[in-house]
Trainee: 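Below you will find the structure I want to go over with you.
Values in this document were obtained by computation on a predicted structure and should not be read as measured data. Values reported hereafter were calculated over all heavy atoms of this structure, with side chains retained and with hydrogens, waters and symmetry mates removed. Residue numbering restarts at 1 for every chain, and letters A, B, ... go by the order of the sequence lines.
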Amino acid sequence: MATAQPTVTTRGKIFNRPTWTTGIGSWLTTVDHKRLGLLYICSAFLFMLLAAGEAGLIRLQLLTPTMKIVNPDHFNQLFTMHGVTMVFLAIMPLGIGLANYFVPLQIGARDLAFPRLNAFGYWIYALGGLMIYTSWFLGGAPDVGWFAYAPLTSLSHNPGLGVDFYMFGLFISGIGTTGTAMNLIVTIINMRAPGMTMMRVPVFTWMILIMSFMVIYAFPPLTIAFIEVILDRTFGTLFFVQEAGALPILWQHLFWIFGHPEVYIIILPAFGVISEIIPTFSRKSLFGYPVMILSGILIGFMGAAVWTHHMFTTGLGPVVNTAFSLTSFVIGIPTGIKIFNWLGTMWGGSIRFTTPIIYAIAFLITFTLGGITGIMLAMPTFDAQVHDTYFVVAHFHYVMGGGALLSYLGALYYWFPKMTGRMMSERLGKIAAVITVIGFHGIFFPQHIAGLLGMPRRIQTYPAGIGLELWNALSTMGSWLMGIGLILILINVIHGLTRGKRVGNDPWDARTLEWETSSPPPYYDFEVQPVVNSLDPLWARKHPDAMHVTPPAPDAGAKYDAGGVHIPGQSWYPFLASAAIMFGCYALMYDNFILAIVCGLFFIFTIFGWAFEGVGGHHVHFDGAKEHA
Amino acid sequence: MPMRWLRRALPVAFLAPLLAGCSLDGVQSIMSPAASIAREQHGLFMWTWYLSIPVMVGVFGVLIYVLFKYRRRKDDKMPDQSHGNPMTEVILTIVPIIIVIMVAVPSVRSIFRTQTVVQATSDDVVIHVTGYQWWWKFEYPQYGVTTANEMHIPAGKRVILQLNSGDVVHAFWAPRLAGKVDLIPNQDNRLWFDTDADIKDQDAGFDVYTGQCAELCLGAHAYMRFRVVVSEQDEFDDWVADFQQPTVATTATDPLVAQGRQLVATKGCIGCHNIGNYSEGMKFGQPQYPDLTNFGLRHTVGAAVLDATPENVATWIRDPQEVKPGTRMPTLWQASDPNRDQEAAAIAAYLLSLGVEGGTQAMAQASTGGN
Amino acid sequence: MSDGKHTSVSTYVIVALILGVITYVEFALVEYPQAWLGSGWTIFLLVALSIVKFVMVVMFFMHLKDDDRTYSGFFSSGMFIALATFVGLTAMFILPKAVASTRPDNRAAQEAGHAVPHELLDNIETRGASRAPAEIADTPAVADRSVSVEAPTAPNDASTYNVTPPAGAAAQGGATASTEETEATASTEATAEAPGAVEAAAEETATEETAAAESTEAATEADETASEEAPAAAEEASAEAPAAAEAPAAAAISWDKDHGAAVFNANCMACHQMTGQGIPGAFPPLANHAVEVYAADGGRDYLADAVLFGLQGAITVNGMTYNGVMPAWGHLADADLADALNHVLTAWDDEPAGFQPYVAADIAARRADGLSAGDVHAKRETLGLH
Amino acid sequence: MSAEASSHAASGAGAHPAPYRSSKLPDVKLLMWVFLASDTMFFGSLIGTYLAYRERSLVGPFPRDLFDIPLTTVSTFVLLMSSFLMVLSLHALRQNDIGKFRLWTAGVAFFGAIFLGFQVFEFTHFAHAGLSIHQNLFGTTFFILTGTHGVHVTVGVIWLVSLLITSYVRPMKAKDAVYLEIAGLYWHFVDIVWIVIFTVVYLVEFV
């Protein structure tokens with residue numbers, strides 16, 4: 001009797017529990033981690049397409065110094081939305097979506113620990129993102145860059161609504177991210193399959209655990225920073241009003257206390273993905289598993305201690321710069337170790353060249369290059385030259401685009417058969433992968449040189465005649481190539497969904513638990529509770545000799561026969577609570593305080609409804625009996 | 001055959017950037033430093049770059065070797081399911097530590113060499129730099145001189161900048177001289193650098209270095225540029241003297257200049273801009289707009305966007321939004337105004353006569369700016 | 001329950017007592033300062049005591065002492081990161097300030113604490129940032145604390161904003177007639193008195209001649225050349241009277257005051273100034289004048305035309321000729337222009353009698369006319385304003 | 001302890017044992033601790049903002065003109081004692097002593113309300129003395145910091161009152177103690193945040 005599942009079982013009086021299994025209602029009220037994971041992944045890819053379109057326009061404008069595709073104001077809006085979308089609405093949610101789908105499967109759990117909180121996390125993220133995008137139609141998108149330095153965001157310098165959309169939208173989607181991260185932590189601590197000690201947890205899940213901790217420590221400062229600006233703009237406080245003696249530098253500190261961990265929040269799940277792909281296709285265990293985990297933890301901790309390396313040029317003085325420069329160097333060590341360990345995994349393996357591993361190889365190359373420029377940027381003296389230039393743009397695209405995005409594309413190919421039961425075309429996949437990777441380097445490699453030649457970032461035109469034309473033209477042409485690659489990938493996804501070859505549970509000959517259940521997984525995930533007694537449990541079952549472990553007997557898992565599998569009930573409240581928050585934010589933005597109060601009261605109502613509704617649901621039995629409600 | 005064409009074109013397409021890459025010199029390039037601090041920054045970059053070559057060769061070499069050697073073959077046996085090798089792992093941990101130390105030591109030394117606050121002596125040139133949307137104000141408290149977008153310094157002297165902002169965050173970046181420091185409201189930042197004692201462009205008698213705002217400041221951010229003119233000490237002294245007592249010419253032989261002088265008042269230029277040459281000892285305009293005193297000595301117009309030739313200045317005055325989209329400078333004529341071109345030319349002629357000996361003809365500009 | 005052993009009630013009572021005592025000690029330390037302790041040690045003690053309180057609550061009330069280590073691990077890692085981060089952050093803000101305040105020039109002010117007058121604090125702490133941006137920019141930044149350079153007084157430092165070139169310059173061209181005052185003070189007098197005279201004239205509904213005579217009298221005191229413009233001012237005034245009389249009741253249209261101010265500040269302030277006073281000789285004042293124009297017959301439409309299409313040609317305001325040019329602002333949105341106009345009409349004066357705030361539709365209606373700046377000037381003539 | 005829906009209870013209560021958990025920690029309690037760990041950063045940012053802007057206000061009123069240490073000491077004491085009642089309440093519920101549980105919980109909520117009363121009094125007093133969020137940096141940072149704390153206390157009071165009312169509607173047993181416990185953890189956390197605020201905002205000002 002150690003655990004305390006919620007026991008409040010009062011039925012929702014106003015909103016009866018929905019039980020749809022198909023249709024829009026079923027998606028709006030779902031609490032199933034796989035459905036929410038799919039929603040996360042699809043929304044993230046949609047946002048990514050929008051961001052890619054914005055990036056295409058940016059590159060087109062920079063093709064030559066005389067292009068007049070967009071005017072300066074629109075250019076500012078484009079790169080701001082590109083950054084905001086990629087960081088907050090595309091890449092990070094992609095990691096969280098993959099975590100949603102695969103963490104419970106990898107640890108043999110039924111669902112996340114708090115399914116409704118999970119739904120709330122998704123909806124508030126999606127509605128927040130949608131809200132930011134409505135700004136294009138409501139008076140202009142934010143135009144202050146993704147880190148929105150004060151005092152550019154103050155009312156006197158930016159009277160339009162764009163900044164309000166940025167602040168409110170990211171504020172509420174940040175709430176969702178934090179909630180989901182807490183949920184993931186509890187899930188990974190509490191819901192691992194019997195026998196799965198922490199040192200038998202798959203690396204992807206480990207990286208998600210570290211990422212979740214970084215999220216819960218990094219997002220509150222950002223939330224505070226957003227609240228401060230919102231209060232400044234809506235209620236007339238003085239947090240960033242320079243006439244009152246405020247220090248705009250405070251925003252930079254609060255933002256980067258969030259912002260640097262955010263980089264690792266984005267990259268750690270990617271590390272996890274690579275750590276799944278490489279062993280699978282090398283037919284070999286991950287080299288140095290404990291070192292991989294430890295270096296991940298070290299990255300997580302150090303990630304919180306390097307924030308001012310984004311601020312080396314703000315005049316903090318030599319002592320502060322030295323301190324943060326050294327911590328930044330230190331963070332390079334565990335990252336280097338990870339790269340060596342991936343190479344070590346492939347060493348002596350039997351490497352099968354599938355599309356996912358092509359992305360993994362591209363990741364290794366790109367991330368190594370990004371790491372090298374990262375070490376360069378950790379030197380304050382040199383950073384004083386290239387800070388806020390295209391050199392930095394190239395660096396963080398190598399890390400976040402080449403690092404995270406390429407590995408997530410690999411993850412798409414890797415897990416697609418698990419999610420859909422069908423394979424994507426390998427042939428088209430490899431062609432698209434090569435084009436995408438070449439296009440990627442075509443865009444960003446020339447930008448290093450443009451930066452060294454003196455091209456600051458965020459300019460919608462550059463001085464002619466100082467040698468920047470060639471590099472910008474190359475970069476823009478690279479963007480066309482990468483665009484072709486992305487379109488091919490999209491075609492492949494559609495092809496895979498409609499005509500892909502049907503495959504069994506384990507098409508890749510993989511190693512972790514998610515490949516044990518059928519593809520796509522049934523709504524109850526596992527019929528039998530898996531039991532684990534090694535790292536790579538599925539591999540151990542398939543090749544017990546090679547692993548030198550005795551796999552647990554096939555019937556070792558509890559069959560859930562006593563209790564059956566508990567399927568939590570669907571609920572309207574997460575969606576309604578998110579909608580209340582979103583409309584409340586619109587109301588505040590348009591200074592309609594009455595509507596804001598109404599939304600607030602409705603939100604409180606949904607919270608009570610949520611609490612008293614209870615987890616609900618029904619149980620599924622596999623002993624021949626039908627499921628019963 | 002289209003393929004033949006492609007076969008011929010491809011090597012060219014790949015080689016061209018490589019060949020061009022051999023020369024990374026440029027007027028705004030980090031790779032051609034012209035002062036001690038920029039040289040130090042450049043040296044640090046080159047050191048890490050040389051250091052990274054073996055790293056890249058190592059990592060990519062191993063990667064290629066592994067991919068080739070351990071690719072799956074038909075008769076592949078199950079690889080050994082080893083979980084690691086403590087000895088290898090220790091070595092692999094030590095290698096990045098050593099690399100990082102090799103980078104960190106010179107880096108820290110150079111921080112204290114370049115970023116320590118220096119005490120000004122009477123030998124140094126102190127300049128207060130204030131950033132505005134979207135231009136630069138340079139004030140010389142030692143000489144009581146205020147100018148805009150063009151910083152003059154004597155060769156071989158140490159220059160100490162005190163940086164502040166009048167509105168939002170900007171960043172002062174002179175790549176070939178000293179790197180960058182942000183200009184932040186309510187905060188005093190400082191930057192110092194040495195200039196070389198010799199002038200490289202002996203014909204012109206001065207060297208020009210370009211720079212640009214590097215922190216997003218909305219609007220015309222891309223056009224917020226400046227130039228640094230390094231000249232011999234005596235030329236610099238002349239320049240200072242000119243600014244301390246600007247020549248005031250109330251009459252002009254050139255009718256165009258005379259007309260321009262009138263227009264400067266009637267079109268309202270002096271509502272925003274100070275022109276020290278306009279009348280003796282008078283200050284016009286407002287501080288958040290560029291000071292046009294001795295404009296004729298300038299190399300550029302519109303925050304270093306255009307070279308200050310008579311045509312360019314006239315174009316700028318005629319239609320500022322065309323030259324620098326987003327600028328605060330208003331368009332003073334209707335598009336249909338028949339006098340527009342002529343009056344703009346007159347104002348340009350007047351402005352370019354300011355501070356120039358003779359007061360009638362714009363100084364022939366020997367700019368090395370390149371644009 | 002399996003949550004380990006539970007602390008007994010007596011322990012809770014003891015902990016609560018200790019917490020209460022510590023709170024009292026803290027209070028006493030602050031309320032009855034001990035000279036022998038010194039402020040440094042007092043702060044140290046206070047921080048130490050509050051840490052003791054903190055730890056006791058966490059250990060005993062939140063049961064971390066006996067509970068699962070995982071909780072302690074999570075919470076203390078969070079506390080550790082938060083402490084390290086924000087102690088570091090705060091140090092970055094406080095230490096440079098503390099170092100600066102130990103320098104001799106600031107120490108006196110620092111010791112005086114809040115007794116220092118606010119104006120002085122302004123200059124010490126923020127180099128005048130509490131003032132308007134224009135003012136800040138004009139003030140040379142307080143001399144760098146580590147850079148001690150004597151700045152000689154330069155001719156550029158004269159800081160009068162009145163456009164008063166010497167007479168010789170004015171003689172150069174007729175177009176500079178606007179700047180023909182010989183003394184700045186004289187011009188201010190003229191501007192101050194002329195409206196008074198005009199007002200009186202309007203009240204009496206005097207004949208044009210009388211008004212002209214009166215205004216001329218007022219103006220002549222200041223400047224002879226201005227007298228030519230005086231009749232025009234009177235004309236303005238007499239036109240105002242009937243308009244005011246038949247003004248309709250003010251319609252209650254609300255408009256966005258902040259937005260109006262923002263549009264004005266971004267686009268108009270450069271020339272017409274924050275206070276609406278304009279720049280003498282260059283840009284006409286809006287304060288006092290705009291409402292005058294608004295009240296004139298057709299003035300409401302004329303104002304919209306002026307911002308939409310610009311204005312070119314000599315005009316006279318308060319006896320001073322302005323021969324500048326106002327650019328057309330038609331590229332701004334209707335709503336922006338409407339709010340900016342409303343701002344201009346209400347920011348510095350009482351709103352004109354029968355004030356109907358502009359709405360976007362008003363501007364849109366005028367837009368169709370497609371006038372030139374010259375047309376607008378001609379229109380101004382018909383208002384009887386010049 | 002069962003996890004099924006009420007409708008399920010009909011088919012045999014207790015038929016479903018609790019699902020397997022890999023640790024002994026109740027999900028909700030773990031979630032609460034993770035949340036509190038996150039909240040340290042939240043309040044850390046606010047306190048950091050306050051300290052960064054300390055003594056940077058350009059115009060009065062300044063902290064020393066307004067703070068009333070005896071008053072704040074009393075309100076601090078009230079909050080500390082509410083924490084004490086909180087542990088008594090939890091202790092009572094674990095002993096299945098519902099009467100005492102209700103008494104102490106009501107006491108906590110009441111003391112919390114008194115603390116809020118003190119805060120409202122203080123805010124009004126400050127407002128009369130000319131301090132507002134628009135007045136100076138001190139006003140902005142002080143009101144937002146203590147206001148956020150006040151919001152936390154309010155949420156805590158509402159939470160406890162809800163639990164109290166629930167205990168009348170539906171029997172509350174020792175096995176439900178974890179729900180009171182997490183409310184308690186939240187309450188103690190709000191208390192320790194105030195311990196920090198009391199020292200770094202109020203007391204240090206007068207040293």
Trainee: Using a 6.0 Å cut-off, check whether atom CH2 of W159(D) has over 12 heavy atoms from anything other than its own residue.
Mentor: yes
Trainee: To the nearest 0.5 angstrom, please state how far the CG atom of L19(C) sits from the CG atom of L79(D).
Mentor: 11.0 Å
Trainee: Give, as side chain, backbone, both or neither, the part of I94(C) having an atom under 4.5 angstrom from any heavy atom of chain D.
Mentor: side chain
Trainee: What part of M81(D) gets within 4.5 angstrom of chain C, counting heavy atoms only: side chain, backbone, both, or neither?
Mentor: side chain
Trainee: For T199(D), is it the side chain, the backbone, both or neither that has a heavy atom under 4.5 Å from a heavy atom of chain C?
Mentor: side chain
Trainee: Picking from L46(C), L89(C), L83(C), which has the most non-hydrogen pairs under 4.5 angstrom with chain D?
Mentor: L46(C)
Trainee: Which atoms of V13(C) are under 4.5 Å from chain D, going by heavy atoms: the side chain, the backbone, both sets, or neither?
Mentor: both
Trainee: Could you have a look at L203(D), I69(D), V200(D) and say which one has the most heavy-atom pairs with chain C under 4.5 angstrom?
Mentor: L203(D)
Trainee: Got a second to check how far F86(C)'s CZ is from L46(D)'s CG, nearest 0.5 Å?
Mentor: 9.0 Å
Trainee: Distance from L185(D) atom CG to F61(C) atom CZ, nearest 0.5 Å?
Mentor: 13.0 Å
Trainee: Do you know which of I192(D), V196(D), T76(D) makes side-chain contact (heavy atoms from CB on, under 4.5 Å) with K53(C)?
Mentor: T76(D)
Trainee: Looking only at heavy atoms, which two atoms of A52(D) and F93(C) are closest? And how far apart?
Mentor: CB-CG, 3.5 Å
Trainee: Could you please spell out the steps behind the side chain to side chain contact (heavy atoms under 4.5 Å, CB included) verdict for M41(D) and I81(C)?
Mentor: CA-CA 8 Å; M41(D) 289 296 281; I81(C) 292 179; 4.1 Å; yes
Trainee: How many angstroms lie between CZ in F74(C) and CH2 in W33(D), if you round to the nearest 0.5 Å?
Mentor: 11.5 Å
Trainee: Taking atom CD of E181(D) and atom CG of D67(C), what is their separation to the nearest 0.5 Å?
Mentor: 6.5 Å
Trainee: Pick whichever of G184(D), G48(D), S83(D) has the most heavy-atom pairs under 4.5 Å with chain C.
Mentor: S83(D)
Trainee: Which value, rounded to the nearest 0.5 Å, describes the distance between T11(C) atom OG1 and H91(D) atom NE2?
Mentor: 9.0 Å
Trainee: Could you tell me which of F77(D), Y50(D), F84(D) has the largest number of non-hydrogen atom pairs under 4.5 Å with chain C?
Mentor: F84(D)
Trainee: Relative to chain C, which of F42(D), Y53(D), F189(D) shows the most heavy atom pairs under 4.5 Å?
Mentor: F189(D)
Trainee: Heavy-atom pairs under 4.5 Å with chain D: which of S50(C), G78(C), S77(C) has the most?
Mentor: S50(C)
Trainee: Between T73(D), L88(D), T72(D), V34(D), which shows the greatest number of heavy-atom pairs under 4.5 Å with chain C?
Mentor: T73(D)
Trainee: Check each atom of L90(D) against the heavy atoms of chain C and say whether the ones under 4.5 Å are side chain, backbone, both or neither.
Mentor: side chain
Trainee: Among V57(C), V87(C), T42(C), which residue has the highest count of heavy-atom pairs closer than 4.5 Å to chain D?
Mentor: V57(C)
Trainee: Counting only heavy atoms not in F110(D), do more than 12 fall under 6.0 Å of its CZ?
Mentor: no
Trainee: Of all of L64(C), T70(C), T85(C), which one pairs up most often with chain D through heavy atoms under 4.5 Å apart?
Mentor: L64(C)
